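Below: the structure, in structure tokens.
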Amino acid sequence: MNTPDVHALERPEDKLIARLSQDLSGYLDQNQVDDCVRAYHFGAAAHSGQFRKSGEAYICHPLSVAIILAGMHMDANGIMAAILHDVIEDCQFSKQELAHQFGVEVAELVDGVTKLTKIADRTQAEAQAENVRKMFLAMGKDLRVILVKLADRLHNMQTLGVMPPEKKRRIARETIDIYAPIANRLGMNNIRHQLEALSFEAMYPHRYAVLCHALKKARGNRRKIVDPIESSIKSRLEQAGLVCKVSGREKHIYSIYQKMHLKKISLAAVVDRYAFRILCDTVDNCYRVLGVVHNLYKPIPGRFKDYIALPKANGYQSLHSLLMGPYGVPIEIQIRTHEMHLMSESGIAAHWLYKSDNGKTEKIQARANEWLRDLLEIQKSAGDSLEFIDNLKVDLFPQEVFVFTPKGKIIKIAKGATIIDFAYAVHTDVGNSCISAMIDRQLVPLQTKLENGMTVEVVTATFARPNPLWLNYVTTVKARSSIRNFLKNFKQIEAINLGRRLLEKELQAMNLQLDIIEESRLQALLKSTAKRSLNDLLEDIGLGNKMPFLCAKQLAQDDVSANVKLHDNDNVQKTPLIIKGTEGMVITLAKCCRPIPGDSIIGFFNPGKGIVVHHHACRNRTTLRKKHTNWLDVEWSADAVGDFPAELRLEILNQRGALATIASTISHLDSNIENVTVVDQDAQICIDLIILTVKDRVHLAKIMRRLKELPIVLKITRVKA
Ligand code: MN
């Protein structure tokens with residue numbers, strides 16, 4: 001390395017890296033410290049020419065973030081990630097580049113921080129703070145990502161000074177809504193209180209100043225009272241042979257403000273008590289200390305709390321007591337071990353960062369686990385509510401993903417969920433009518449699995465309805481039951497309607513009508529078919545389980561004579577069943593010949609499924625005739641509208657772009673290609689099967705004609721079986 005000149009030594013970044021190296025040497029190996037210094041040089045070069053609003057070189061910011069984390073004994077990779085946390089975002093370095101330079105782990109961490117930053121930038125968080133927090137925790141798969149982000153925010157809050165007030169307020173609001181609660185959830189009270197105080201100052205500079213001043217004044221007045229109490233406690237403890245640390249305790253400025261604000265009380269009322277904290281080495285000694293102070297000042301009845309035996313929900317442990325001090329002043333006492341204190345200040349960081357003096361970096365998640373296990377242990381022994389742990393577990397090992405709607409709202413959904421699940425999560429109607437979807441503005445299949453941070457847009461159509469195949473993809477209970485329900489109801493209603501139409505048609509041929517049939521005859525029919533109601537019978541007919549002709553005949557039986565009188569000619573013309581093709585569940589279009597409006601068609605009963613409509617010229621027809629004795633005449637309704645699939649077989653020249661030309665010709669004619677299969681090809685010719693949607697025969701003929709005109713198309717035929 002070159003010898004730095006005198007001026008360079010005075011640069012703020014030099015001071016910072018010197019300080020960081022020193023801090024790191026306290027708990028890392030020399031080669032790890034060297035790696036961090038290498039990351040600094042890389043980062044400094046990457047950010048060269050960039051400056052903070054304060055005028056300092058940009059690298060001072062990531063260095064400061066690293067120093068905050070070194071204070072928590074963050075491991076070497078975490079420190080390097082902190083130093084490099086802005087290079088992907090601000091300097092266009094790729095993740096691969098970083099992985100190459102500093103290893104995959106560091107690259108992953110930096111990438112994770114970058115993603116969180118992007119999420120934070122795009123959300124107007126207030127209304128959905130809880131979800132943003134969860135999304136954060138869910139996305140920070142590695143806890144170090146969250147810690148780097150918290151330290152990043154802390155340093156940004158510390159250096160807000162030069163920002164315009166409006167921007168300050170916005171950032172402060174976000175800090176209060178998102179970052180401080182995350183710190184709280186991880187038990188990192190120290191960071192949380194710093195974030196809160198800085199945000200309070202930025203949002204309400206005047207209130208902050210007034211309150212600070214008032215607190216300072218109060219503190220001055222209180223010294224006269226506090227000091228003698230403190231020394232009496234100390235000397236009593238010494239006499240008892242207890243080694244303890246006694247200190248006066250100040251409440252945090254933001255919690256004071258909140259109390260005043262929410263409870264509408266004066267500062268004096270909030271800080272009317274004198275608070276002390278006594279730290280000692282063992283749990284046993286905590287109780288001894290309690291005995292000593294209770295002996296010194298009278299405890300106020302009902303105000304003693306044993307949070308050591310019965311910890312608070314977030315794992316907090318301490319003994320609390322309210323005493324009557326000299327001149328009748330109330331004294332609050334907190335007694336706990338040093339370890340409990342560390343836990344209450346630094347939470348998860350206390351547990352796994354301070355303990356990592358063995359040099360080996362364990363997997364962070366494993367340590368988070370350990371922390372949770374400890375909390376769980378505490379909770380169990382206390383027999384307290386496990387709600388907090390459950391929440392935390394969800395956050396740290398998320399079973400959920402968080403995605404955006406196009407309007408920026410966050411939807412929470414189970415891990416592994418697809419777009420269809422998402423659609424049902426938004427609303428049952430959205431699910432029932434979704435036809436396609438976009439993720440981050442790209443068209444994707446409906447069964448695409450969701451990942452954190454995606455923006456999902458569902459396209460719906462009024463004629464759309466759930467596809468039974470969806471049941472193979474969906475993972476959420478809501479989607480599954482909604483689809484089942486819809487299909488069940490839909491099929492039932494469809495079947496009843498079709499059954500009615502079929503029965504009416506048969507009755508008509510006998511010159512009868514269903515609604516004027518005598519009740520007794522209807523009952524007789526229901527009895528002989530073992531059906532409870534007319535609808536049950538109609539459903540069965542619609543599903544192809546009962547022959548409409550036989551049912552009609554049975555209804556007409558007693559009336560045969562009358563019937564014959566009215567109808568003496570035998571060749572009664574049966575009217576065909578009119579279909580629209582979009583009926584859905586009980587009338588389906590055969591896939592072998594794909595009939596479209598305009599085709600002459602025939603229907604076959606398929607027991608349990610209803611009617612399958614085939615093209616009259618379907619090659620399977622003879623086989624079907626043999627298999628299903630039960631067929632009927634069907635005809636297209638004049639107003640059959642929709643997109644009907646038809647299949648074409650094309651022989652085209654095997655040349656580049658041929659398929660694209662065909663696809664664009666088809667789409668210009670207002671049709672969609674649903675599927676293309678290459679069935680055969682050699683150097684010259686390629687044979688494709690194309691399924692496309694058309695409105696009717698005329699539409700299809702037009703498309704075929706236009707395709708035939710293309711020089712690349714050699715032969716074109718419609719596939720009917
Ligand atoms: Mn940053």
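Quick caveat, the model's predicted, so the values are computed rather than measured. Every number for a ligand or one of its atoms is a count from 1 in the order of the listing. In what follows, residues are counted from 1 in the order of the sequence shown.
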Taking atom types as modelled, find out whether Asp152 and His85 have a side-chain donor-acceptor pair closer than 3.5 angstrom.
-> yes
With a 3.5 Å cut-off and no angle check, do the side chains of Asp111 and Thr114 form a donor-acceptor pair?
-> no
Nearest to the Mn ion (ligand 1) - the N/O/S atom of His85, by atom name = NE2
With the Mn ion (ligand 1) as the reference point, give the N/O/S atom of Asp152 that is nearest.
-> OD1
His155 near the Mn ion (ligand 1) via N/O/S, less than 2.8 Å = no
Side-chain H-bond candidate by donor/acceptor type, Arg192 with Asn189, under 3.5 Å = yes
Taking the N/O/S atoms of Asp86 one by one, which is nearest to the Mn ion (ligand 1)?
-> OD2
Say you draw a straight line from CE of Met454 to OG1 of Thr448; how long is it, rounded to the nearest 0.5 Å?
-> 7.5 Å
Closest N/O/S atom of His61 to the Mn ion (ligand 1), by atom name?
-> NE2
Minimum-distance pair of heavy atoms, taken over all atoms of Ala39 and Met80 = CB-CG, 3.9 Å
